[in-house]
Amino acid sequence: MTAQLIDGNALSRETRADIARRVQTLKERGLTPGLAVILVGDDPASAVYVRNKVKACGETGMHSVLETWPASMTEAELLARIQALNSDPSIHGILVQLPLPGHMNAQKVIEAISPDKDVDGFHVASAGALMTGLPGFWPCTPHGCMKMLESIGYELRGKHAVVIGRSNIVGKPMAMMLLHKSATVTICHSATADLKAMTLQADVIVAAVGKRGLVTADMVKPGAVVLDVGMNRDEHGKLCGDVDFAGVREVAGWITPVPGGVGPMTITMLMANTLDAAEQSL
Ligand code: NAD
């Protein structure tokens, strides 16, 4: 079997075109959705991420503000900037790019963002809302994965989904979203005794670890859907995921590539959250 590709670029283009139409409608009513992106320090990967986020705002017709601050910025200064943006009516979403410099408490910084503007979905209020099924912003990467499953018409009810990774930004919210769709969910992590025994039972595998080649063909049930969140570099510096794509695509039913899979959908869902925040502000 050769798996069908879930094309994150194509789905992103479609979704962003729809977002752009909704932005235009809002603008005609006098409101331009605005996203503030704060980057502290000079991490090169973070600089690329924030550039792509700001670019996506432009493409969908949204207003964006990029604030770049030196790593020497104090936590109190950053908290003060967030407070100012919380009360800025032209800003509907606030994103602080992680990781932050070591002298800052990232959780404290995230908690300073108003939950109404928490478009990354990392605030405890957002996490609690997702957990309990209340309205709130969902973290963009797992939300993008859900949209990818939706795009292929995949019925999760009664299926077994195995999420590899238990981070607050990907693994845990991913598991919660799958659970809301009535999948039976297993979360695997660094202390899981026999990962292969788990993944072999999975109808859906979401790999969110950050280890190249972690999921190999012998770990995948024929026909399973494999979503690869991982972002790693191979020995030539080329971007690759956690899944051995060449091998697994011969076994899986559906698979996401890296690059061109979950990555673009993450930014697309950030645009969707910012638009929702703007609409809710009306
Ligand atoms: P993290 O480091 O916070 O979490 C990694 C998780 O993997 C941990 O929960 C750990 O228990 C688990 N793990 C480690 N080794 C394991 C093993 N051998 N077997 C099973 N589980 C193991 O990382 P994160 O922030 O959740 O990100 C995970 C990956 O996803 C990274 O590669 C990151 O770059 C990528 N990522 C991609 C996007 C995107 O837009 N495509 C967004 C966020 C994160």
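Excluded from the calculations below are hydrogen atoms, water molecules and symmetry mates; all remaining heavy atoms, backbone and side chain alike, are included. Just so you know, residue 1 is the first one in the sequence shown, and it goes up from there. Just so you know, ligand 1 is whichever comes first in the structure, and atom 1 is the first atom listed for that ligand. Owing to the predicted nature of the structure, the values given are computational and were not obtained by experimental measurement.
Side chains of Met62 and Ile19 form a contact here, defined as non-hydrogen atoms less than 4.5 Å apart.
The heavy atom nearest to atom 18 (N) of ligand 1, out of those in His189, Lys211, Met269, is found in Lys211. The residue among Met231, Lys172, Met265 with a heavy atom at the shortest distance from atom 38 (C) of ligand 1 is Met231.
Closest to atom 37 (C) of ligand 1, if we only count protein heavy atoms, is Val229 O, 3.1 Å. In terms of protein heavy-atom proximity, atom 44 (C) of ligand 1 is nearest to Val170 CG2, 4.0 Å. Among protein heavy atoms, atom 25 (O) of ligand 1 sits closest to Ile169 CD1, 3.6 Å. With respect to atom 31 (C) of ligand 1, the closest heavy atom belonging to the protein is Gly210 CA, 3.7 Å. Summary of contacts: the protein heavy atom closest to atom 6 (C) of ligand 1 is Gly165 CA, 3.7 Å. Of the protein's heavy atoms, Thr141 OG1, 3.1 Å lies nearest to atom 42 (C) of ligand 1. If you check which protein heavy atom lies closest to atom 11 (O) of ligand 1, you get Ser190 N, 3.0 Å. Atom 1 (P) of ligand 1 has its closest protein heavy atom at Ser167 CB, 4.1 Å.
Asp242 places no side-chain N or O within 3.5 Å of a backbone atom of Leu214 that could act as its donor or acceptor partner. Remark: the backbone N or O of Val119 is paired with a side-chain donor or acceptor of Asn273 at under 3.5 angstrom. Although no hydrogens or angles enter the test, the distance criterion places a donor-acceptor pair under 3.5 Å between the side chain of His123 and the main chain of Glu111.
Proximity of Val209 to ligand 1, defined as any heavy-atom pair under 4.0 Å, is shared by backbone and side chain alike. Here Asp242 has no heavy atoms under 4.0 Å from ligand 1, in either its backbone or its side chain.
Geometrically, Lys159 engages Tyr154 in a cation-pi contact defined by less than 6.0 Å to the ring centre and at most 45° from the axis.
The existence of a salt bridge linking Lys196 and Asp218 is confirmed by a sub-4.0 Å separation between a basic side-chain nitrogen and an acidic carboxylate oxygen. Between Asp203 and Lys221 there is a salt bridge, since a side-chain N of the basic residue sits under 4.0 Å from a carboxylate O of the acidic one.
Of all atoms in ligand 1, listed by their number and element, those nearer than 4.0 Å to a heavy atom of Gly263 are 40 (O), 41 (N). Here is the list of ligand 1 atoms found below 4.0 Å of a heavy atom in Thr266: 39 (C), 40 (O). For ligand 1, the atoms closer than 4.0 angstrom to any heavy atom of Ile164 are 20 (C), 21 (N).
Interatomic distance, OG1 of Thr141 versus CD1 of Ile169, reported as 6.5 Å (0.5 Å rounding).
Contact annotation: Thr192 has no heavy atom less than 4.0 Å from any atom of ligand 1. Using a non-hydrogen distance threshold of 4.0 Å, Gly171 does not register as a contact of ligand 1.
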Please tabulate, for side-chain N and O atoms in residues 30-44, each donor-acceptor pair with protein atoms closer than 3.5 Å (sequence neighbours left out).
from  : atom 1 : to    : atom 2 : distance (Å)
Asp43 : OD2    : Ser46 : N      : 3.0
Asp43 : OD2    : Ser46 : OG     : 2.7

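Among Met177, His180, Met265, Met269, the one residue that satisfies the side chain to side chain contact (heavy atoms under 4.5 Å, CB included) test with Met146 is Met177.
Residues that satisfy the side-chain contact (heavy atoms from CB on, under 4.5 Å) test with Arg157, not counting sequence neighbours, are Glu155, Ser182.
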